There are 2 protein chains.
Amino acid sequence: MTTAKMATVTTRGISILLVDDHPVVRQGYRRVLEHQDDFRVVAEADNAANAYRAFKSHAPDVVVMDISMPGASGLEAIRNIRARDADARVLVFSMHSEAAQVKAAFGAGASGFVTKGSEPAELIAAIRSVARGEHAMSDDVARVLALESLVPTKSALDQLGEREIEILRQFAAGSTKEQIAANLNLSTKTVQNYHYLIKAKTGMRTDAQLVRLAVECGLANL
Amino acid sequence: MTTAKMATVTTRGISILLVDDHPVVRQGYRRVLEHQDDFRVVAEADNAANAYRAFKSHAPDVVVMDISMPGASGLEAIRNIRARDADARVLVFSMHSEAAQVKAAFGAGASGFVTKGSEPAELIAAIRSVARGEHAMSDDVARVLALESLVPTKSALDQLGEREIEILRQFAAGSTKEQIAANLNLSTKTVQNYHYLIKAKTGMRTDAQLVRLAVECGLANL
DNA sequence: TGCAGGTCGGGAAATTTGCCCGACCAAACT
DNA sequence: AGTTTGGTCGGGCAAATTTCCCGACCTGCA
């Protein structure tokens with residue numbers, strides 16, 4: 001119960017949990033990481049559920065995670081891990097660098113974001129950064145985010161279309177799917193599909209999270 | 001002299017432990033409180049566990065605590081503190097003034113309840129009151145409680161039991177039913193049943209309405 | 001002209017909900 | 001002591017919903 005998590009980093013190096021659904025990729029990067037003598041890969045996982053289990057049993061200093069995995073989203077795994085331990089460091093290691101995905105990752109509680117196209121040195125440096133409690137991202141990710149912040153963009157909601165926004169608004173306001181369908185002259189099925197789509201796009205897993213997001217973005221007033 | 005504990009107060013002023021998860025808020029009120037020359041902020045804490053630790057090592061005359069903190073409930077911290085020292089004075093300093101929350105705080109052993117919307121003078125006066133062993137609450141809290149005692153079941157939440165409240169809190173915070181079940185060592189089925197029961201009791205139809213209710217009642221902070 | 005993407009809904013398996021039930025336990029009442 | 005009440009916990013099962021796939025339409029845009 002009272003797990004005093006202190007700085008074991010300095011005494012035993014940085015313990016790492018590797019999460020990626022592709023074993024070869026895991027192996028390859030495991031070797032790269034273990035070449036650093038202050039890194040220890042203490043566990044691996046090939047999906048979100050196993051990642052959470054491994055985190056519980058190993059309590060690694062840093063979780064290096066690919067978020068594009070089959071089944072449950074990697075974002076979910078991040079949220080689960082962070083829900084269990086608010087001090088957990090998760091470094092996302094992704095194939096892509098879309099602003100929306102980066103933002104979703106940080107929104108889920110990630111401490112860093114490095115693309116697989118980056119140099120190993122960049123990943124290694126990022127791991128050291130997040131282990132120290134800092135935030136880190138590779139140069140290409142930073143560039144995308146910087147560009148994206150200059151242009152319009154207000155929130156995680158601008159990845160949603162007009163219709164999706166409206167449905168989210170009514171949903172967060174407390175309307176039933178049937179009511180929304182009636183209001184917008186849609187079939188209930190379509191509203192259900194939108195609901196699913198919105199959750200997928202925003203990376204929210206729970207209706208409650210969706211409502212909070214809507215409120216935070218000023219879509220719904222409390 | 002027969003007043004052993006009183007003596008320390010008069011000779012060294014009132015020692016205070018500040019508990020709030022928001023550092024800026026802590027800083028701000030620390031400055032306000034230390035402007036009173038008979039006040040001494042001897043420690044700060046940003047969560048329930050640290051609050052208890054700090055109380056043990058500093059034994060302050062008054063604990064000023066925000067109970068809407070992440071992780072373990074502030075109520076639990078109050079109970080822990082009071083269990084260790086039945087003479088402990090805890091002044092709850094909350095964002096909200098729901099009758100249910102106020103009652104829960106006093107039920108847990110709080111000596112006072114002041115909302116963050118109150119004037120600094122009101123907080124200062126309340127601290128002096130509870131330091132003298134009296135009970136104190138800000139005017140708006142008193143009004144809510146008075147109203148609530150005249151009209152039965154004002155808040156929709158006091159028809160809920162301890163367990164139901166906790167489940168609603170976690171649900172509104174965005175947790176999955178599985179996560180809640182894991183946190184509370186229950187079966188998923190039981191959590192589902194509670195979810196249904198809570199909606200039935202509160203008359204909410206939608207999960208979104210439930211979240212809004214929880215936030216409005218100060219159960220969940222956005 | 002073609003293609004990307006928002007909108008709209010069907011289909012089907014997997015999961016959850018809605019509502020019922022019984023069991024246990026502690027406190028309060030008779 | 002016996003009983004009623006009420007909170008907690010979970011099983012069961014039909015009905016509803018979610019999840020994720022798919023195709024179709026329309027519009028803007030290269």
Side-chain angles (χ1 to χ4, degrees), chain A residues 21 47-49 67-77 79 96 98-101 152-153 156-172 174-211, chain B residues 75 100 103-104 107 152-153 156-172 174-211:
Chain A
D21 60 321
N47 62 53
I67 53 174
S68 53
M69 289 183 295
S73 161
L75 293 177
E76 178 194 344
R79 260 189 286 274
H96 318 276
E98 286 90 27
Q101 198 183 24
T153 201
L157 295 185
D158 34 271
Q159 46 185 327
L160 300 181
E162 190 70 27
R163 213 61 171 160
E164 294 163 335
I165 291 279
E166 178 58 22
I167 286 173
L168 173 57
R169 204 185 56 69
Q170 295 198 26
F171 177 76
S175 298
T176 310
K177 293 199 181 62
E178 282 80 6
Q179 293 175 343
I180 298 174
N183 290 342
L184 302 178
N185 270 100
L186 297 174
S187 81
T188 302
K189 186 62 215 259
T190 297
V191 177
Q192 286 172 349
N193 281 336
Y194 272 113
H195 179 233
Y196 168 74
L197 185 65
I198 292 167
K199 280 203 283 188
K201 278 192 178 182
T202 58
M204 298 297 123
R205 226 173 72 63
T206 297
D207 283 357
Q209 294 174 356
L210 212 50
V211 172
Chain B
L75 294 177
K103 287 204 259 184
T153 185
L157 292 188
D158 35 84
Q159 46 187 330
L160 300 180
E162 188 76 24
R163 214 60 172 160
E164 294 163 335
I165 291 278
E166 179 56 24
I167 286 173
L168 173 57
R169 201 184 61 72
Q170 295 198 25
F171 177 76
S175 297
T176 308
K177 294 198 178 61
E178 282 82 2
Q179 292 176 346
I180 298 174
N183 290 340
L184 302 179
N185 268 98
L186 298 175
S187 82
T188 301
K189 181 62 196 192
T190 295
V191 176
Q192 287 172 347
N193 282 335
Y194 271 112
H195 179 233
Y196 166 74
L197 186 65
I198 292 167
K199 279 204 284 188
K201 278 192 178 182
T202 58
M204 298 296 124
R205 303 194 174 283
T206 299
D207 283 358
Q209 294 174 354
L210 212 51
V211 172

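Hydrogens, waters and symmetry mates play no part in the numbers below; they use all other heavy atoms, side chains included. Numbers restart at 1 for each chain; the letters A, B, ... are given by sequence-line order, proteins then strands. Quick caveat, the model's predicted, so the values are computed rather than measured.
- When the C1' atom of D:dC9 is taken as reference, atom CD1 of B:I198 falls 14 Å away, rounded to whole Å.
- Distances shown here put a side-chain N or O of B:T190 below 4.0 Å from the OP1 or OP2 atom of D:dG10.
- Minimum atom distance to the side chain of A:Y194 is reached by C:dC8, of the listed D:dC20, D:dG10, C:dC8.
- C:dT17 atom P lies 15 Å from atom CD of A:E178, rounded to whole Å.
- Note: CG (B:N183) to P (D:dC9) measures 14 Å, nearest angstrom.
- In terms of phosphate contacts, A:Y196 brings no side-chain nitrogen or oxygen within less than 4.0 Å of OP1 or OP2 of D:dT19.
- D:dT19 atom C1' lies 12 Å from atom CG of A:L197, rounded to whole Å.
- Put simply, the side chain of B:E166 does not reach to within 4.5 Å of the side chain of B:N183, judged on heavy atoms.
- Here A:E166 lies out of heavy-atom contact (under 4.0 Å) with every strand.
- Of the residues near DNA chain D, B:E164 and A:D207, the one whose nearest nucleotide (by heavy atom distance) lies more toward the 5' end is B:E164.
- When the nucleotides D:dT8, D:dT17, C:dC8 are ranked by their closest atom to the side chain of B:R163, D:dT8 comes out on top.
- The nearest whole Å value for the distance from the CZ atom in B:F171 to the P atom in C:dT16 is 13 Å.
- Backbone-only engagement by A:S187 is indicated by non-hydrogen atom pairs under 4.0 Å involving sugar-phosphate atoms exclusively.
- The phosphate of D:dT17 has neither OP1 nor OP2 within less than 4.0 Å of any side-chain N or O from A:K189.
- Residues A:L186 and A:R163 meet the side-chain proximity criterion, which asks for heavy atoms closer than 4.5 Å.
- Per the geometry, CD belonging to B:Q179 stands 13 Å off P belonging to C:dT16, to the nearest Å.
- Contact check, A:K177 against D:dT18: a side-chain N or O comes under 4.0 Å of OP1 or OP2.
- Here D:dT8 presents its C1' atom at 11 Å from NZ of B:K201, a figure rounded to the nearest Å.
- Between B:E164 and B:I198, the closest heavy-atom pair is O-CD1, 3.4 Å.
- Rounded to whole Å, atom P of D:dT8 lies 17 Å from atom NE2 of B:H195.
- Closest of all the heavy-atom pairs between A:T206 and B:G174 is OG1-O, 3.3 Å.
- Proximity of A:K199 to the phosphate of D:dT19: a side-chain N or O atom is located under 4.0 Å from OP1 or OP2.
- Where A:Q192 and B:N193 each meet DNA chain D at their nearest nucleotide, the meeting point lying more 5' is that of B:N193.
- The shortest non-hydrogen separation linking A:A48 to A:A77 is CB-CB, 3.8 Å.
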